[in-house]
Amino acid sequence: MSRTLAGVLAGLLVLAAGVANAGIPDPDLSTCDLGPDLGMTTCPAGDGPAFEYITVTAKRADTTPIEGIPYNSFFFTVTGGDVTFANVDAETDANGEIRFTVVGDESIATPGVTIGAQIYTVVLNDSDDLDCKTFDLFVDVNNWLNLQDFIEFSGDYGLVVGRSDYNWSGGAIGLQDFILFSAHYGHAAP
Ligand SMILES: [Ca+2]
Ligand SMILES: [Ca+2]
């Protein structure tokens, strides 16, 4: 479905929601929030790891949460690079919340991207900065995780260096960071 057609259908859904008294999201009271992950690490191949989560909360103008809005009624605007969203939940829960994971690729430059959310045709007055780092930060930034990147990573191992803290654990470089790096070793941008 094209974005334009999706927007038109979403607009009709807003009307239907109003008629059914299901509630229309308030652009100021509805929010998008990041976490618990502190940031996203990207592979040039665009295959993860996934950032958990973008949580969008839908609330009416009277502050009550809106339950049951399906995931495909949510849209995102992203500046700073290309990312892919995947819904974790099928619809908003009793708190009006729905979660999405985010995966980026080599198009993202430090420090990251800014993400805004839209529910039906209602653009929320809330956006968040998602901090990003890449496995391919080192030496040549050639969109390929090769031996040079590994050598640089090895030099950071056991130290506190933000660039290699792939699991966003506060700067410490350890086994979990190595496991993440290893899983993407050899990957390159398509
Ligand atoms: Ca590289
Ligand atoms: Ca770490």
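Everything numeric here is computed off the predicted structure, so don't read it as measured data. Each ligand, and each atom within it, is numbered from 1 in the order the structure gives. Just so you know, residue 1 is the first one in the sequence shown, and it goes up from there.
Taking the side-chain contact (heavy atoms from CB on, under 4.5 Å) definition, one finds that Lys59 meets it with Leu29, Ser30, Thr57, sequence neighbours left out. Take Asp129 and apply the salt bridge (charged side-chain N to carboxylate O under 4.0 Å, His left out) test, not counting sequence neighbours, and it matches no residue.
Atom CZ of Phe178 is surrounded by 12 or fewer heavy atoms from other residues, nucleotides or ligands within 6.0 Å. Around the CH2 atom of Trp144, the shell of radius 6.0 Å holds no more than 12 heavy atoms that belong to other residues, nucleotides or ligands.
Looking at Asp89 and Arg99, a side-chain N of the basic residue comes within less than 4.0 Å of a carboxylate O on the acidic one, giving a salt bridge. Between Glu152 and Arg163 there is a salt bridge, since a side-chain N of the basic residue sits under 4.0 Å from a carboxylate O of the acidic one.
Of all protein N/O/S atoms, those under 3.0 Å from the Ca ion (ligand 1) are Asp136 OD1, Asn142 OD1, Trp144 O, Asp149 OD1, Asp149 OD2, and waters are not counted.
Put simply, the side chain of Thr64 never gets that close to the backbone of Arg60: no donor and acceptor are under 3.5 Å apart. The closest donor-acceptor contact from the side chain of Gln118 to the backbone of Tyr120 lies under 3.5 Å.
Protein N, O or S atom count below 3.0 Å of the Ca ion (ligand 2): the structure gives 6.
Considering only heavy atoms from C-beta on, Ile115 comes within 4.5 Å of Ile54 through its side chain.
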